[in-house]
Asker: 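Before I ask anything, here is the structure I am working with.
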Amino acid sequence: MSTILLSGPDMSEAEKSAVLEAFGSGWIAPLGPAVDEFERRIAERVGRRYAVALSSGTAALHLGLLAWGVGPGDVVPTSTMTFAATANAIAYTGATPYFVEADPVTGQMDPDALETVLADLADQGCSVPAVVPVDLLGRCAYYTRILEIAHRHGAQVLADSAESLGASHHGVAAGKLGDAAIFSFNGNKIMTTSGGGMYLTDVEVDAARVRFLATQAREPVAHYEHREIGFNYRLSNLLAGVGLAQLDRLDGMLRRRRARREAYAALVADHPGVTVFQRGGDAEDSCWLTALLVDPDLAGFSAEELAAALGAEGIECRPLWKPMHLQPVFVHEPRLVNGTSERLFRTGLSVPSGSALTAEECERVDSVLGEFLAAHRAYEQERAVA
Ligand SMILES: *Cc1c(COP(=O)(O)O)cnc(C)c1O
């Protein structure tokens, strides 16, 4: 019995052909026509003027911050509920990440908490050039309010949309939201190049700056001339070919992820204390990962017990991101928290959500989960009678 993955890569013959085509054309690496085409098509899809293909989403965050001059002495507020890459990228620049509490319903950065943080930092005379909200599990952050608050305090917004390609906020596509945004094409994301990322902006000088820093800060002259420290962060042409084939299939992949969420919602509908996290407005959500929230007092079991039951059947599941303010590596960094993200971390469980899940795999997940819930309901009823 093979393990059913949370979010495995969704590959077809088209991706294989794209790689072979790149081989045939001689454009293996580093750059080439597939990179240009991939950038053009992603920019077009989300409505941005410029896109720069990079080696990872983390690289895109790093260079996006550097393009705005973020560095030592600066403070960059970000969501505490995120993957380490967001906070790491801030740390790479020498700036201090400031962890902002999550909204209890969606787990997104709480705009009121951000307002408090920015007002406090302004009072202290801190330099806050940027805010990095995260589109948690593929649902867009509260950009309308976050942009207003950040801009009023003189900060730009770099949207970590690593998980939200295909999502939108009031009709505006993820990638277009924020003053600049990034995508990840890591193996477990909505679509993948096996490893890769993208920086998106409408500002020509920012795009040029990111491109320059990503290619070893090489000056535009025939010999190798360098006036500053650069990075080797570009995406290879071979992988961009995979990205183009994935992009052709993106809408189908999004549909399958949304259908998974519907199926989970139907399964847990009758079970007290178990809900689908971030439910509602799914059409604007990429549904990258579907998570269940378990209130142990009402459900009769904890998220941990559910994880163990699914794990025993070879079904991969995982707690929500452990908040950054609880991570040993960031223990000394400033934060404004009230226990919300910690509670979400304790009660949330991501369940298989990938678009590559087969019909048999979906059936197996649904039947194992359905039986687990039914057994607990039966037990609760017996207890009520006794
Ligand atoms: C995956 C992810 C990243 C990092 O992307 P990589 O391409 O793996 O470097 C950054 N932020 C969030 C929220 C992510 O989920």
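Counting begins at 1 with the first residue of the sequence. In what follows, every heavy atom counts, from backbone to side chain, and hydrogens, waters and symmetry copies are set aside.
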Asker: Can Arg145 and Glu115 be counted as an ion pair, charged N to O under 4.0 angstrom?
Answerer: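 Salt bridge flag = no for Glu115 with Arg145.
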Asker: Under 30°, 30 to 60°, or over 60°: which ring-plane class applies to His226 and Tyr224, parallel, tilted or perpendicular?
Answerer: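 Answer is parallel, since the angle falls under 30°.
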Asker: Could Glu44 and Arg41 be called an ion pair, given the rule that one side-chain N must be under 4.0 Å from one carboxylate O?
Answerer: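 So Glu44 does not pair with Arg41 through a salt bridge.
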Asker: Are Arg48 and Tyr50 in a cation-pi setup, meaning NZ or CZ lies under 6.0 angstrom from the ring centre and within 45 degrees of the ring axis?
Answerer: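 The answer is no; the distance or angle limit is not met.
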Asker: Say you draw a straight line from CD of Glu219 to CZ of Phe212; how long is it, rounded to the nearest 0.5 Å?
Answerer: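 It is 4.0 Å, given to the nearest 0.5 Å.
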Asker: Step by step, would you call Val242 with Met11 a side chain to side chain contact (heavy atoms under 4.5 Å, CB included)?
Answerer: CA-CA 9 Å; Val242 176; Met11 290 291 159; 4.0 Å; yes
Asker: Can you tell me how far apart CH2 (Trp68) and OG1 (Thr201) are? Round to the nearest 0.5 Å.
Answerer: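 Rounded to the nearest 0.5 Å, the CH2-OG1 separation comes out at 7.5 Å.
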Asker: On a heavy-atom basis, which atom in Val274 and which in Leu373 lie closest, and how many Å separate them?
Answerer: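 Minimum heavy-atom separation between Val274 and Leu373: CG2-CD2, 4.3 Å.
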Asker: Any link between Val117 and Met109 through a network of hydrophobic side chains (Ile, Leu, Val, Met, Phe, Trp, Tyr) touching at under 4.5 Å?
Answerer: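 Same cluster: Val117 reaches Met109 through Ile, Leu, Val, Met, Phe, Trp or Tyr contacts under 4.5 Å.
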Asker: Considering only NZ, NE, NH1 and NH2 on the basic side and carboxylate oxygens on the acidic side, decide whether Arg234 and Glu39 come within less than 4.0 Å.
Answerer: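 Salt bridge present between Arg234 and Glu39.
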Asker: Using a 4.5 Å cut-off on heavy atoms from C-beta on, say whether the side chain of Pro77 contacts that of Leu121.
Answerer: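 Leu121 reaches Pro77 side chain to side chain.
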Asker: Considering non-hydrogen atoms only, spot the tightest contact between Leu320 and Leu344 and give its length.
Answerer: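 Closest approach of Leu320 to Leu344, heavy atoms only: CD1-O, 3.5 Å.
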Asker: Are Phe185 and Leu54 close enough, and set up right, to give a side chain to side chain contact (heavy atoms under 4.5 Å, CB included), and what steps lead you there?
Answerer: CA-CA 10 Å; Phe185 306 120; Leu54 298 166; over 6 Å; no
Asker: Quick check: closest heavy atoms across Ala356 and Pro9, and the distance to 0.1 Å?
Answerer: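 What the structure gives for the nearest pair is CB-O, 3.5 Å.
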Asker: Are any of the side-chain heavy atoms of Trp321 and Leu136 separated by less than 4.5 Å?
Answerer: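 Heavy-atom side-chain distance check passes, below 4.5 Å.
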Asker: If you count heavy atoms of other groups shown closer than 6.0 angstrom to CZ of Arg255, is the number above 12?
Answerer: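 Counting other residues, nucleotides and ligands, CZ of Arg255 stays at 12 neighbours or fewer.
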Asker: I'd like to know if the side chain of Asp179 pairs up with that of His151 as donor and acceptor (distance under 3.5 Å, no hydrogens or angles considered).
Answerer: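 The answer is yes; a qualifying pair exists.
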Asker: Should Thr96 and Glu333 be marked as a side chain to side chain contact (heavy atoms under 4.5 Å, CB included) after you check the CA-CA gap, both sets of side-chain angles, and the distance that decides it?
Answerer: CA-CA 7 Å; Thr96 298; Glu333 303 300 357; 3.3 Å; yes
Asker: Hey, are Ser168 and Glu284 close enough side-chain-wise for a donor-acceptor pair under 3.5 Å?
Answerer: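 Indeed, the side chains of Glu284 and Ser168 share at least one donor-acceptor pair under 3.5 Å.
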Asker: Tyr92 and Thr58: side-chain donor and acceptor closer than 3.5 Å?
Answerer: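 Short answer, no.
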Asker: Quick check: do Val365 and Glu361 have side-chain heavy atoms less than 4.5 Å from each other?
Answerer: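 No; the side chains remain at least 4.5 Å from each other.
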Asker: Keeping the roles fixed (side chain from Thr340, backbone from Pro104), state whether a donor-acceptor pair exists under 3.5 Å.
Answerer: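 Not at all, since once roles are kept as given, no pair shorter than 3.5 Å links the two residues.
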Asker: Please answer: with hydrophobic residues joined when any side-chain heavy atoms are less than 4.5 Å apart, are Met198 and Ile190 in the same cluster?
Answerer: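 Same hydrophobic cluster.
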Asker: Measure the OH-CD1 distance between Tyr199 and Ile42 for me, rounded to the nearest 0.5 Å.
Answerer: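 Between atom OH of Tyr199 and atom CD1 of Ile42 there are 16.0 Å.
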Asker: Looking only at heavy atoms, which two atoms of Ser302 and Val294 are closest? And how far apart?
Answerer: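 What the structure gives for the nearest pair is C-CG1, 3.9 Å.
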Asker: Which one of Arg256, Arg258, Arg257, Arg45 satisfies the salt bridge (Lys or Arg N to Asp or Glu O under 4.0 Å) criterion with Asp251?
Answerer: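 Output: one option passes, namely Arg45.
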Asker: As an exercise, state the distance from CE of Met324 to OG1 of Thr78, rounded to the nearest 0.5 Å.
Answerer: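 So the gap between those two atoms works out to 9.0 Å.
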Asker: Can you tell me how far CZ of Arg318 sits from CG of Leu289, rounded to the nearest 0.5 angstrom?
Answerer: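 Here the rounded value is 9.0 Å.
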Asker: Determine, step by step, whether Val268 and Thr275 satisfy the side chain to side chain contact (heavy atoms under 4.5 Å, CB included) criterion, reporting the C-alpha distance in whole Å, the side-chain angles of both residues, the deciding distance to 0.1 Å, and the verdict.
Answerer: CA-CA 7 Å; Val268 305; Thr275 50; 5.8 Å; no
Asker: Under 4.0 Å between a side-chain nitrogen and a carboxylate oxygen: does that hold for Arg364 and Glu360?
Answerer: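 Judged by the 4.0 Å cut-off on N to carboxylate O distance, Arg364 and Glu360 do not form a salt bridge.
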Asker: Can you see which heavy atom on Ala150 is nearest to which on Leu118, and at what distance?
Answerer: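 Shortest heavy-atom separation between Ala150 and Leu118 comes out as CA-CD1, 4.0 Å.
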Asker: Looking at Glu228, I want to see if its CD is surrounded by more than 12 non-hydrogen atoms of other residues, nucleotides or ligands under 6.0 Å.
Answerer: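 Atom CD in Glu228 is packed in, count exceeds 12.
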Asker: Between Leu235 and Gly196, which heavy-atom pair has the shortest distance, and what is it?
Answerer: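 Taking every non-hydrogen atom into account, CD1-CA, 3.8 Å.
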Asker: I'd like to know if Asp10 pairs up with Lys189 as an ion pair, taking the criterion as any Lys NZ or Arg NE/NH1/NH2 lying under 4.0 Å from an Asp or Glu carboxylate oxygen.
Answerer: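 Answer for the salt bridge query: no.
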Asker: Indicate, with yes or no, if Phe301 and Leu292 share a hydrophobic cluster defined by side-chain heavy-atom contacts under 4.5 Å among Ile, Leu, Val, Met, Phe, Trp and Tyr.
Answerer: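 The answer is yes; both residues are in one hydrophobic cluster.
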Asker: Would you say Val157 and Val134 are hydrophobically clustered, going by side-chain heavy atoms of ILVMFWY under 4.5 Å?
Answerer: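 Unlinked, Val157 and Val134 end up in two clusters.
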Asker: Roughly how far apart are Ile146 CD1 and Asp110 CG, rounded to 0.5 Å?
Answerer: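 Here the interatomic distance stands at 9.0 Å.
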Asker: Do the side chain of Gln278 and the main chain of Thr106 share a donor and acceptor less than 3.5 angstrom apart?
Answerer: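 Pair found, side chain donor or acceptor close to backbone of Thr106.
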Asker: Would you call Glu13 and Lys16 a salt bridge, taking side-chain N to carboxylate O under 4.0 Å as the test?
Answerer: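 Salt bridge flag = yes for Lys16 with Glu13.
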Asker: Quick one: are Arg261 and Val351 in side-chain contact, heavy atoms under 4.5 Å?
Answerer: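 SC-SC contact between Arg261 and Val351 ruled out.
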Asker: For the residue pair Thr82 and Phe99, establish whether any side-chain heavy-atom pair is separated by less than 4.5 Å.
Answerer: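 Result no, sub-4.5 Å side-chain heavy-atom pair not found.
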Asker: Shared ILVMFWY cluster between Leu349 and Phe277, side chains joined below 4.5 angstrom?
Answerer: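 Cluster IDs for Leu349 and Phe277 differ.
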Asker: Identify which one of His325, Lys322, Arg346 satisfies the side chain to side chain contact (heavy atoms under 4.5 Å, CB included) criterion when paired with Ser341.
Answerer: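 Checked His325, Lys322, Arg346 against Ser341; only one passes side chain to side chain contact (heavy atoms under 4.5 Å, CB included): His325.
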Asker: Looking at Arg49 and Asp202, is any side-chain nitrogen of the basic one under 4.0 Å from a carboxylate oxygen of the acidic one?
Answerer: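 Here Asp202 does not pair with Arg49 in a salt bridge, since their nearest N and O are not under 4.0 Å apart.
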Asker: Hey, can you tell me if Phe231 and Tyr233 have their rings parallel, tilted or perpendicular (30° and 60° cut-offs)?
Answerer: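 Parallel, since the angle between the ring planes stays under 30°.
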Asker: Around atom CD of Glu304, are there more than 12 heavy atoms from other residues, nucleotides or ligands closer than 6.0 Å?
Answerer: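 At most 12 heavy atoms, drawn from other residues, nucleotides or ligands, come within 6.0 Å of this atom.
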